[in-house]
Novice: 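One structure, as structure tokens, below. Some questions next.
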Amino acid sequence: MTAEPMKYAREILKKVSRSFALTIPMLDDEIKDEILLTYLQDRILDNFEDEIHPPDLKLQQEMMDRVSRIFSTAEYDRSSDFAIIKEKSSLIEKDSLRELTENIDLIYRSYQSFEPEIQDISHKWLQEMNQGMQKYLSKKVETFSELDEYCYYVAGTVGGFLTETIIYKFEIEAQNKKRLMDNFNQAGLFLQKVNLIRDIREDLESRDKHFWPLKDLGISEKELIDPSYKKQALAALEKMLADLKTHIPALRKYYQALPAELKGYKKFFAVNNALGLATMEKLKNNPDVFYGNKPVKTSKLTFLNIIRAPEKYLLEQINKY
């Protein structure tokens with residue numbers, strides 16, 4: 001794997017995602033670079049889906065299709081796609097995300113060194129993500145079924161890539177392969193929904209869209225952030241958390257199907273989901289979700305307890321449900 005582009009990939013990860021900069025280094029060496037680079041390619045796709053303000057539907061679709069094409073196994077001259085993506089990355093406001101997108105060619109250079117089978121797995125799920133993200137560029141999430149579909153496209157697909165990758169790279173018993181494939185989507189939905197619940201105030205105030213199913217919740221955007229509707233907003237939050245909890249059994253099933261030899265991946269999974277469960281606890285009946293001046297977060301003590309023994313913490317929390 002090319003040293004200089006990989007060095008860049010590791011450095012830019014620290015700038016674009018604090019959570020994955022923490023957990024990706026925990027992964028087993030056999031899959032660490034593959035997961036890092038696939039995360040970054042997905043992040044570039046997401047930048048054009050989520051970071052162009054004001055939205056430009058036609059431009060976003062074109063750029064997202066170019067990103068997907070670049071990371072395909074097709075043999076073609078990518079110089080034009082690189083050049084156009086670099087040019088349009090100037091529309092991305094956040095410095096770190098713009099920098100990542102501008103350097104898509106470096107990410108691709110490292111990606112090229114993957115085994116063909118891993119490239120096929122990665123691109124299959126990237127295509128699925130791209131198609132779903134584009135659907136929701138112009139479609140609102142209004143119902144819980146639409147929320148599940150959206151979260152599948154943006155997070156379940158990530159779980160699909162992770163799961164197919166470990167199945168390809170490691171010897172896993174057939175029964176456990178089935179359990180992993182049966183539960184990866186709900187595990188992905190869990191983490192994505194934690195973020196969408198936590199970030200509702202910021203999304204309503206400073207972004208162009210949000211992902212709470214207001215039709216099913218029976219509340220409007222205005223009522224969610226108007227303190228005079230606090231009771232109704234907290235009732236909507238309770239419904240969102242009740243839906244979130246339905247995914248917790250899948251976390252247990254997925255974790256228990258992981259082989260003991262996958263020590264790094266088990267820790268990676270445990271830390272991410274333990275932090276998700278801890279955040280969920282902080283969100284319960286918490287008006288700061290709507291009226292606070294910063295996102296709701298777990299305490300530093302809880303964070304340190306999770307990092308010290310993530311798998312123990314995960315199983316203790318899961319067993320409460």
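The residues of the chain are indexed from 1 along the displayed sequence. Bear in mind the structure is a predicted one, so any value in this text is a computation, not a measurement.
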Novice: For Phe144, does its backbone N or O pair with a side-chain atom of Asp216 as donor and acceptor, under 3.5 Å?
Specialist: yes
Novice: Examine distances only and state if a side-chain atom of Asp50 and a backbone atom of Asp46 form a donor-acceptor pair shorter than 3.5 Å.
Specialist: no
Novice: So, the side chain of Glu223 versus the backbone of Ser220: is there a donor-acceptor pair under 3.5 Å, distance only?
Specialist: yes
Novice: Is Lys284 atom NZ crowded by more than 12 heavy atoms from other residues, nucleotides or ligands, each under 6.0 Å away?
Specialist: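 Counting neighbours around NZ of Lys284, more than 12 heavy atoms of other residues, nucleotides or ligands fall under 6.0 Å, so yes.
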Novice: Students often mix this up, so state it plainly: with edges at 30° and 60°, are the rings of Tyr136 and Tyr153 parallel, tilted or perpendicular?
Specialist: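 Tyr136 and Tyr153: tilted rings.
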Novice: Step through the shown structure and confirm whether more than 12 heavy atoms of other residues, nucleotides or ligands are within 6.0 Å of NZ on Lys94.
Specialist: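 Incorrect, the count does not exceed 12.
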Novice: Is there a continuous path of hydrophobic side-chain contacts, each under 4.5 Å between heavy atoms, that joins Leu258 to Phe161?
Specialist: yes
Novice: Tell me whether the rings of Tyr150 and Phe211 are parallel (<30°), tilted (30 to 60°) or perpendicular (>60°).
Specialist: parallel
Novice: Determine whether a donor-acceptor pair (N or O, by modelled atom type, separation under 3.5 Å) exists between the side chain of Asn176 and the backbone of Ile172.
Specialist: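 Answer holds: no.
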Novice: Side chain of Gln119, backbone of Phe114: donor and acceptor closer than 3.5 Å?
Specialist: yes
Novice: Is Lys178 salt-bridged to Asp182, going by a charged N under 4.0 Å from an acidic O?
Specialist: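 The answer is yes: the pair qualifies as a salt bridge.
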Novice: Using only atom types and a distance under 3.5 Å, with no angle test, would you say the side chain of Trp125 pairs donor to acceptor with the backbone of Gly156?
Specialist: no
Novice: Sub-3.5 Å donor-acceptor pair from the side chain of Thr38 to the main-chain atoms of Glu34, do we have one?
Specialist: yes
Novice: Could you tell me whether Glu205 atom CD has more than 12 heavy atoms of other residues or ligands within 6.0 Å of it?
Specialist: yes
Novice: Charged N to carboxylate O below 4.0 Å: is that the case for Lys135 and Glu146?
Specialist: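 So Lys135 does not pair with Glu146 through a salt bridge.
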Novice: Taking Asp243 first and then Lys193, would you say they form a salt bridge - that is, a charged N and a carboxylate O separated by under 4.0 Å?
Specialist: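 Result for this pair is yes, salt bridge flagged.
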Novice: May I ask you to decide whether Glu115 forms a salt bridge with Lys169, counting only side-chain N to carboxylate O separations under 4.0 Å?
Specialist: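 Judged by the 4.0 Å cut-off on N to carboxylate O distance, Glu115 and Lys169 do form a salt bridge.
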Novice: Can Arg66 and Glu62 be counted as an ion pair, charged N to O under 4.0 angstrom?
Specialist: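 Between Glu62 and Arg66 there is a salt bridge, with a charged N closer than 4.0 Å to a carboxylate O.
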Novice: Taking Asp288's backbone N and O only, do any of them form a donor-acceptor pair with Asn286's side chain (distance below 3.5 Å, no angle check)?
Specialist: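 Checked: pair present.
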Novice: Considering only NZ, NE, NH1 and NH2 on the basic side and carboxylate oxygens on the acidic side, decide whether Lys266 and Asp28 come within less than 4.0 Å.
Specialist: no
Novice: Verify whether one side chain among Gln134 and Asp65 offers a donor that lies under 3.5 Å from an acceptor in the other.
Specialist: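 Side chains of Gln134 and Asp65: pair found under 3.5 Å.
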Novice: Taking the six-membered ring for Trp, are Tyr111 and Phe71 parallel (under 30°), tilted (30 to 60°) or perpendicular (over 60°)?
Specialist: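 Rings of Tyr111 and Phe71: perpendicular, over 60°.
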